[in-house]
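In this text the structure is predicted, and so the values were computed from the model without any measurement. Reminder, nothing fancy here: chain letters follow the sequence lines and each chain counts from 1.
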Protein chains: 2
Amino acid sequence: MMCSVDDERVRTELVAVITAVVDGVPRVLTADDGPRLPSGPLRSDHRSLQGGLRAWVEQQTGHRLGYVEQLYTFADPGRASAGGRRVISVSYLGLTRVGSSGPAWAGWYDFFPWEDRRPEPDLPDPVAQLGERLLQWTGRGDDDETARRRLRAEVTFGLHGRPWRPELALQRYELLYEAGLVPESPFGAADVRLAPGATMAHDHRRILATGVARLRAMIQYRPVVFELMPAEFTLGQLQDVVEALAGQHVHKQNFRRLVQQQDLVEETGHTHAGTGGRPAMLFRFRREVLDERQVGGTKLPVQRVR
Amino acid sequence: MMCSVDDERVRTELVAVITAVVDGVPRVLTADDGPRLPSGPLRSDHRSLQGGLRAWVEQQTGHRLGYVEQLYTFADPGRASAGGRRVISVSYLGLTRVGSSGPAWAGWYDFFPWEDRRPEPDLPDPVAQLGERLLQWTGRGDDDETARRRLRAEVTFGLHGRPWRPELALQRYELLYEAGLVPESPFGAADVRLAPGATMAHDHRRILATGVARLRAMIQYRPVVFELMPAEFTLGQLQDVVEALAGQHVHKQNFRRLVQQQDLVEETGHTHAGTGGRPAMLFRFRREVLDERQVGGTKLPVQRVR
DNA sequence: AGTGTATTGCTAGATATGAGCATAAGTAAA
DNA sequence: TTTACTTATGCTCATATCTAGCAATACACT
């Protein structure tokens, strides 16, 4: 079972989903045209995949990435480059802090407006509209395939009284893709109104959705939010960041209790005033917990909607 | 920032961690010499990475893989092949069922004897011995680095009264590697007694540890165990498989309660006798839950050891 | 002083979890 | 035919955790 040399010629790309929260908005680092995610080829002077990506992003942004984690490796035939060479994309999720949002930092919800479930007062709910179109696509039939599709739509989009689950962001995007409701989908029909939101070059919107979903799942059981926070912060600010990421409000008192009783933070002794209310105590992340817990055991409550 | 063509020449390998439980022992599919994990190059007629791996394994084993999931992508310089070409390994975890264990199916715990915590009556506890040698390696000092190392050893190996956590299998292997207690480590000293267990070719033991850790983590919140079960099974058999994977006993009554109240299974109406006790009811997996839950929300209890 | 805003404390009710006792229904030996 | 032994199954109870409230506190700004 030998393979010809031609089979082995592939190009390896590193793709970065770098996230920061600025002005209460989760943002992703983008490159000029497209827009598209920053990406570049693996080079022989890179000692490892993660090392290559880290060095490369730090050079571009001037920021040290506190947290970098492999996301997924894609190699679908649609990704073949011009010369017929196959492209393998190894994607990474990175978390960082930035002071201000330049033009390179695009908001998550520009690409996925339906993922932010914090109620804007009067605007029509995008999920309700998408839900309608999705259920229309699934069909009303009673056969197995139709029923499964409908169930999938109901679960991922929280229809018919089911709870909205923030961490299903990727499944939602994939369902819209299959239903032809995003412009990059090959299954689109001419007469449907597409889902709102900007697109990205190549399959970068899917990769971003993967990152969003992974991060949302992760903050529920790992103390990674702190990579997005400044050295000192109030519990209110921490909560704002979590809510921005989850696209959902959380119960304030329970949030504080959970954070504190898990010993994730310690007081700095300083307070933060000027918000027009009672000044809040400032905290810092107890980085020791990363060693104490070794990955698991850190839940943040993302309110269960009944 | 152009790159020479040379930088882009890489070889892509697909590596499979295929797991099945036979005779109450979790096993992994291995290839002849080494032993090593089955692996082969990505070919241009493979429509996707997962598709390539799936087709390739099915051809080798004659079994359809019920569940295949990407594990991790490795590309360390140590993996460069003869011609100086870089090797990128995309590893997958696959779950399947087999009737009998041929020579190709090696037991997990042949490679990681310390990962099975189900008490063998008289034998000396390998973890106690490893713990000793690890703490010796970390040193007794009080400086930051030493303290962190010691904490890491205590947490990952459950020393000094800390709980043993099955899903830390990878961290344990990596710690042994750093401490020079496995033969494939470059940090080994001449005078230490190595950890027990067989090795594998290349870095395949690390990849296997990754698979073990991932599967152990996953069975706690996703109904994947059922991919390893026959069409009909008793709750006792299901528990045996979970215990084999976790390397730990679970509380029988609580296990049953959790499985049943989550509606993961339904009775088939048949019973299974001949075990020398009361015949057990036979169940089948309610595959619909995969659509109903969409990934999350299925916990199996892995007894917390105090 | 009064009002608004944000922080902090506390608690009742629901749900989940850990660990044990008790009973049921078979098989194997006395 | 007992009797012992084995495995399956049902049930309880104390404890922990989570949800969703109300209440009080402390500051800024009129």
Rounded off to whole Å, could you give me the [atom1]-to-[atom2] distance for the [X] and [N] pair?
{"X": "Gln260(A)", "N": "dC10(C)", "atom1": "CD", "atom2": "P", "answer": "12 Å"}
{"X": "Gln261(A)", "N": "dG9(C)", "atom1": "CD", "atom2": "P", "answer": "13 Å"}
{"X": "Phe283(A)", "N": "dT7(C)", "atom1": "CZ", "atom2": "C1'", "answer": "10 Å"}
{"X": "Gln220(B)", "N": "dA16(C)", "atom1": "CD", "atom2": "P", "answer": "18 Å"}
{"X": "Arg257(B)", "N": "dG10(D)", "atom1": "CZ", "atom2": "P", "answer": "13 Å"}
{"X": "Gln262(A)", "N": "dT17(D)", "atom1": "CD", "atom2": "C1'", "answer": "11 Å"}
{"X": "Phe255(A)", "N": "dA20(D)", "atom1": "CZ", "atom2": "P", "answer": "16 Å"}
{"X": "Asn254(B)", "N": "dA14(D)", "atom1": "CG", "atom2": "C1'", "answer": "13 Å"}

Among the candidates dT19(D), dC18(D), dA22(C), find the nucleotide nearest to the side-chain atoms of Leu258(A). dC18(D)

Every protein N/O within reach of nucleotides 4-8 of chain D N/O, cut-off under 3.5 Å:
{"unit_1": "dT7(D)", "atom_1": "O2", "unit_2": "Arg278(B)", "atom_2": "N", "d": "3.2"}
{"unit_1": "dA8(D)", "atom_1": "OP2", "unit_2": "Lys252(B)", "atom_2": "NZ", "d": "3.3"}

With Arg117(A) as the cation and Trp164(A) as the aromatic partner, state whether NZ or CZ is under 6.0 Å from the six-membered ring centre and within 45° of the axis. yes

Apply side chain to side chain donor-acceptor pair (under 3.5 Å) to Glu69(A) and Tyr67(A), showing your working. CA-CA 7 Å; Glu69(A) 151 178 325; Tyr67(A) 188 91; 2.6 Å; yes

Show your working on salt bridge (Lys or Arg N to Asp or Glu O under 4.0 Å) between Glu292(A) and Arg287(A) and close with a plain yes or no. CA-CA 9 Å; Glu292(A) 293 167 3; Arg287(A) 209 157 266 282; over 6 Å; no

Any chance CZ of Arg148(B) has more than 12 other-residue heavy atoms, nucleotides or ligands included, within less than 6.0 Å? no

Criterion side-chain contact (heavy atoms from CB on, under 4.5 Å) on Leu238(B) and Phe226(B), from CA distance to verdict: CA-CA 8 Å; Leu238(B) 182 64; Phe226(B) 301 101; 3.9 Å; yes

Just by distance, do the side chain of Glu243(B) and the backbone of Val250(B) share a donor-acceptor pair under 3.5 Å? yes

